[in-house]
Amino acid sequence: MEQLNELELLMEKSFGEEAAAPEELFQKKKEASFPKTILSHGMDNRYLVLAVNTVQNKEGNYEKHLIITASQSLDYKEQCILRSDSSNPATRQMLIGTVLHEVFQKAISSKSFTPEKLQELSCQIVQEIKHLKEMYRLNLNPDEVKQEVEEYLPSFSKWAGDFMHQGTSTDFPQMQLSLPSDGSSNNPTRNIEVINSLDIEESIWSPRFGLKGKIDVTVGVKIHQGSKTKYKIMPLELKTGKESNSIEHRSQVVLYTLLSQERRADPDAGLLLYLKTGQMYPVPANHLDKRELLKLRNQMAFFLLHRISKSPGKEKTQLTFLPQITEEEKTCKYCSQVGNCALYSRAVEQQMDENSVPVVMLSKIQEETCHLKLTHLEYFSLWYLMLTLESQSKDNRKNHQNIWLKPASEMEESGNCIGNLIRTEHVKRVCGGQYLHHFQRKNGSMPVTNLMAGDRIILSGEERTLFALSRGYVKEINMTTVTCLLDRNLSVLAESTLFRIDQEEKNCDIDTPLGNLSKLMENTNASKKLRDLIIDFREPQFIPYLSSVLPRDAKDTVANILKGLNKPQRQAMKKVLLSKDYTLIVGMPGTGKTTTICTLVRILYACGFSVLLTSFTHSAVDNILLKLAKFQIGFLRLGQTQKVHPDIQKFTEEEICRSKSIKCLALLKELYNCQLIVATTCMGISHPIFSHRTFDFCIVDEASQISQPVCLGPLFFAQRFVLVGDHQQLPPLVLNPEASALGMSESLFKRLEKNQNAVVQLTVQYRMNSKIMSLSNKLTYDGKLECGSDKVANAVINLPHFKDVKLELEFYADYSDNPWLIGVFEPNNPVCFLNTEKVPAPEQVEKGGVSNITEAKLIVFLTSVFIKAGCNPSDIGIIAPYRQQLKIINDLLEHSSVKMVEVNTVDKYQGRDKRIILVSFVRSNKDGTLGELLKDWRRLNVAITRAKHKLILLGCVSSLKRYPPLEKLFCYLNTEKLIIDLPSREHESLCNILGDFQRG
DNA sequence: GCTCTGCCTAGAGGA
């Protein structure tokens, strides 16, 4: 039964039929196995396999069903299901290994290895939520895990008794250890004494060797040789598996000695401790070994660095070949990456002949990939290439080298670093692996900085040797102190240590989308269905009659909920309920997407369906949940509590565990299984809940803004899915131009829209009045948008003091012959474009971005007038495509003491609205320079669909009409006579008025 | 040419 260890083991009582084994053979086996076997609980238990059946399960995966018995009389049998779970490489041994590491680390830190202490520690650690979560994932019984952990404990005590007792040098175990620094000395026998633990999980990055890692235990060791004693600080590596003292294990220790040199003197050697037996081996770090390991490291790095190449002559970028596939079948047999390796080889390298791949491996590749069509392989390689390109794009590769190379004082100028910090107050342990630290500037106050609460950071010492001590995030920052949650406790360092904090680079997560892509290619029913639908565009199917899906007792409730909806919304609900595969809901601007999703969830809930609710961002997920919470519908919100909306935090796993003080697996299971509705972001799908639960429906909001491999993630866990979005609004963000050209910004929503029978459009909108709505109807929606009611259609802005303001303005200047001001502020003119051509208002291009100071001044003037006329500042929104312009506008507003007016980019305003929107288009030049941003008609569509009652557009018509989308807009505005020219030098007179305004 | 959001992510063991 040895080989069962690598498989997920599931025991179920069963008295099912079994295939009979030949009687003779069976008798022999029975006699051979039973007499010697101890039939008890625990690790050494033995069973006899009576029959084996291979069965395909619901998900299409193959399982082995064994009938086994533990009794000689054969009257008590059990069924044992063996599942090879390739998508989930975590195993029981890994979990037990992790727990044992923690127990040992806690014991050595507290310098106590008494059986009582060890017992207490294992009890505590096994009960920690993070481990219970893994037990849930792996279907393990906590008692069994605890029992298995406890079997190691006597060896812990034995080890401590051998190496850590009080005594003379010769009392310690003798070991063969020749330290490289001793030269070729004669006698390699030493007595080894472990004094203490100096650090646990010490995290070291070594730019010098190009390595990083965490050292299990950093120990102080005395090496006795005769009367001589040497003191060394060494890495101690713990192993819980078989005592192999293998080349792999020893090499790992050698690498740790290299890391260790970044912080202190060369340890010359490290220690390898097998916790099963308490046996410890010294590992000398010989020069030649180090050199060979670094050579291997460099070969690996080479392949990782050159994942793509441009073929000579051609402009086309391609994925490069991976290192040659090994010829050893055995190595492949136990590799967790065989599937991916075969897939890459077949799809990317297209290696299908004996010249490029070892013959024995060809069949392996064939076996792993034969279920895939050419279209699937092409989809895989294209997305693999695009994801790789994107992950290598400039913004994602801001490397860590500055933290290492540049002093903090220099880095502070960028605003991403704070140096010269000392620790104040005590370090507070918040929970396992999170420590609250307070820092203060050693002399003086904090520098000007971009760092904000919630930012991920890297903490280093000012000294180079203390590079990247810990990672974490900023909890709070003010003029005098920074509070950080760090993954390590820094109180082990001297109090006078000077620290620096650097903002962590954004490393784009390529693992999740790649993992999803790989999963899409798996030979399971769920993946096959998604491949059919997504790659091969199989037509989505629908059930003809609602009666077959609606439970009778839910009909009234559903009918009631439907009452509150408009016609297209009801159609959407119906379509979803009838769907067997998927539905796409197009939510045009202002059509109540969030309300529609909320209603959809309520209906599905009433029917007893389970729903997985997701979106790319936390805020989009919470928007729906905030509405849902009002209807007394229960749900579980997964994800980090600190990222969740404060009103939703009480629904997070962490909060529920805390408030109900959940400390056992049974309660955790109940928590995971009790809600029909589970909500999380698309990236949150590695949660253990998804290794057991599937859902009737998966709803993805903002789907038109999510890239395909990310959007795919949650879809694996549901029978059918609903994508909600609008591809006429902004697409997924892609940084790399080549990836973008290859089609990376096409969302799954856009791709599947080809199947029109799956699409429902929400066309009735409740945001814009009819004049504002007409713009995007002409520009993008072909007149499909309609107002929800006359009230919506005719709504205008209310400016109670406008008459007074008008009088005041006329006091300064005569506007009778150029009444543009009235044109702008008149509530019955909901749309106008102010042309700055004659002013003029030229743009400024700097390295930080594009801006337009004249436009900014005009915008601020208009805003001030709206407020003076009685408009609530929080009803006004200012939009510009460029960050630099926002900065200038914000500065001017602050100068004019205008508060509560929200200034943001077009991209950030997607999904939001305001009563009044002012748009500054910024671009204005004579040389014809065009930026990329305004070329995208979807960005323009978003910009002009945010205002409810009044939309003021500001820019230079002659420059802007070079952009096709804007040209189309001007064409319409012209026919409606909505473009107003500003007179020459108008901004100067207005600025004077503004000054008087504020004084008055 | 200037738009930016998700991820706790190194190592826990197998042979």
Side-chain angles (χ1 to χ4, degrees), chain A residues 2-3 5-7 89-102 130-131 134 201 203-205 211-216 237-242 244 246 248-249 252 276 328 330-336 393-396 432-434 456 471-473 485 487 504 506-513 515 614-621 639-640 643 680-687 702 705-707 710 713 730-735 737 845-851 880-886 904-910 922 929-936 938-939 942:
Chain A
E2 207 74 53
Q3 75 271 30
N5 289 343
E6 64 188 274
L7 303 162
T91 65
R92 168 197 181 89
Q93 280 75 9
M94 283 156 117
L95 171 64
I96 287 165
T98 310
V99 171
L100 283 166
H101 269 70
E102 275 185 41
K130 62 177 176 194
H131 295 137
E134 278 310 298
E201 293 285 323
S203 161
I204 305 179
W205 293 4
L211 299 169
K212 63 176 174 180
K214 290 183 177 179
I215 296 173
D216 282 341
E237 168 63 16
L238 308 175
K239 292 285 171 204
T240 52
K242 266 195 187 151
S244 62
S246 62
E248 286 88 348
H249 288 174
Q252 193 181 351
K276 211 175 230 167
E328 280 175 74
K330 265 191 185 160
T331 313
C332 281
K333 194 177 164 191
Y334 298 105
C335 175
S336 61
S393 72
K394 233 192 234 160
D395 285 47
N396 286 326
Q434 288 208 313
R456 295 206 66 83
R471 319 167 83 171
Y473 62 91
L485 262 178
D487 60 359
E504 165 105 270
K506 280 177 217 147
N507 61 321
C508 96
D509 181 9
I510 190 174
D511 295 349
T512 307
T614 66
S615 181
F616 191 50
T617 60
H618 287 290
S619 63
V621 173
Q640 282 181 276
K643 302 257 172 131
T680 184
T681 61
C682 288
M683 304 289 239
I685 46 158
S686 54
H687 191 281
E702 288 184 335
Q705 283 182 279
I706 309 175
S707 77
V710 174
L730 287 165
L733 183 80
V734 178
L735 300 171
V845 183
E846 302 154 273
K847 71 166 190 263
V850 192
S851 61
Y882 302 95
R883 284 244 148 246
Q884 189 63 25
Q885 180 71 347
L886 303 181
N904 239 323
T905 54
V906 185
D907 302 55
K908 286 260 184 179
Y909 254 106
Q910 178 147 327
V922 181
T929 329
L930 295 176
E932 284 298 311
L933 290 189
L934 291 171
K935 284 183 191 163
D936 196 328
R938 291 165 295 198
R939 186 167 281 111
V942 172

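A, B, ... follow the sequence lines: proteins, then strands. Residue 1 opens every chain. As the structure is a prediction and not an experimental result, all values here were calculated from the model.
Using modelled atom types, one finds no donor on one side chain facing an acceptor on the other under 3.5 Å when comparing His131(A) with Thr98(A).
For the pair Ile204(A) CD1 and dA10(B) C1', the computed distance is 13 Å after rounding to whole Å. One atom, NE2 of His249(A), and another, P of dG13(B), lie 7 Å apart when rounded to the nearest Å. Counting to the nearest Å, the C1' atom of dA12(B) and the CG atom of Asp216(A) are 9 Å from each other. To the nearest angstrom, C1' of dG6(B) lies 16 Å from CG of Asp907(A). Summarising the geometry, the separation between CD on Glu201(A) and P on dA12(B) is reported as 7 Å, rounded to the nearest angstrom. Counting to the nearest Å, the C1' atom of dG13(B) and the NZ atom of Lys276(A) are 10 Å from each other. The separation between Glu248(A) atom CD and dA12(B) atom C1' is 16 Å, rounded to whole Å. Lys212(A) places its NZ atom 13 Å from the C1' atom of dG11(B), with the value rounded to the nearest Å.
Nucleic acid contact for Asp936(A): none, since no nucleic acid atom lies under 4.0 Å from a heavy atom of the residue. Within 4.0 Å of Ser246(A), counting heavy atoms only, lies no atom of the nucleic acid at all. At a threshold of 4.0 angstrom between heavy atoms, the contacts of Tyr882(A) are confined to the sugar-phosphate backbone, with no base atom among them. Contacts of Thr905(A) with the nucleic acid, taken as non-hydrogen atoms under 4.0 Å apart, involve only primed sugar atoms and P, OP1 or OP2. Residue contacts for Glu237(A): at a heavy-atom cut-off of 4.0 Å it reaches the sugar-phosphate backbone alone, with no base atom in range.
In terms of modelled atom types and a separation under 3.5 Å, the side chain of Glu504(A) and the main chain of Arg471(A) share no donor-acceptor contact. Between the side chain of His249(A) and the main chain of Ser244(A), no donor-acceptor pair closer than 3.5 Å is present. Arg939(A) contributes a side-chain N or O that, together with a main-chain N or O of Leu933(A), makes up a donor-acceptor pair within less than 3.5 Å.
Of the candidate nucleotides dG6(B), dC8(B), dG1(B), dG1(B) has the atom nearest to the side chain of Glu932(A). Of the listed nucleotides (dC2(B), dA15(B), dC8(B)), dA15(B) has the atom at the smallest distance from the side chain of Lys242(A). Residue Gln93(A) places its side chain closer to dG14(B) than to any other of dG1(B), dA12(B), dG14(B). Side-chain proximity of Gln252(A) to dA12(B), dT5(B), dC2(B): nearest is dA12(B). In the set dC4(B), dC8(B), dG6(B), dC8(B) carries the atom at the smallest distance from any side-chain atom of Arg456(A). Side-chain atoms of Arg883(A) lie closest to dC4(B) of the nucleotides dC4(B), dG6(B), dG11(B). Nearest to the side-chain atoms of Leu733(A) among the listed nucleotides dG6(B), dC4(B), dG13(B) stands dC4(B). The side chain of Met94(A) lies closest to dG13(B) when the candidates are dC7(B), dG13(B), dA10(B). Of the candidate nucleotides dC4(B), dT5(B), dA12(B), dA12(B) has the atom lying nearest to any side-chain atom of Thr98(A). Residue Ser336(A) places its side chain closer to dG14(B) than to any other of dG14(B), dA12(B), dG6(B).
By the 4.5 Å heavy-atom criterion applied to side chains, Thr240(A) and Ile96(A) are not counted as neighbours.
Contact annotation: side chain of Arg939(A) to base of dT3(B), donor-acceptor pair present below 3.5 Å.
The phosphate of dG14(B) has neither OP1 nor OP2 within less than 4.0 Å of any side-chain N or O from Arg92(A). Phosphate proximity of dC7(B) to His618(A): present, with a side-chain N or O under 4.0 Å from OP1 or OP2.
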Problem set entry | Working for side chain to side chain contact (heavy atoms under 4.5 Å, CB included), residues Ile204(A) and Lys212(A) | CA-CA 6 Å; Ile204(A) 305 179; Lys212(A) 63 176 174 180; over 6 Å; no
For this session: List the steps, then state whether side chain to side chain contact (heavy atoms under 4.5 Å, CB included) holds for Thr905(A) with Leu886(A).
Result: CA-CA 7 Å; Thr905(A) 54; Leu886(A) 303 181; 3.5 Å; yes
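Rounded to whole Å, the separation between the C1' atoms of dC8(B) and dA12(B) comes to 15 Å. Distance check on atom P: dG14(B) versus dA10(B) gives 23 Å, rounded to whole Å.
In terms of position along DNA chain B, the nucleotide closest to Val845(A) lies nearer the 5' end than the nucleotide closest to the other residue of the pair Val845(A) and Gly97(A).
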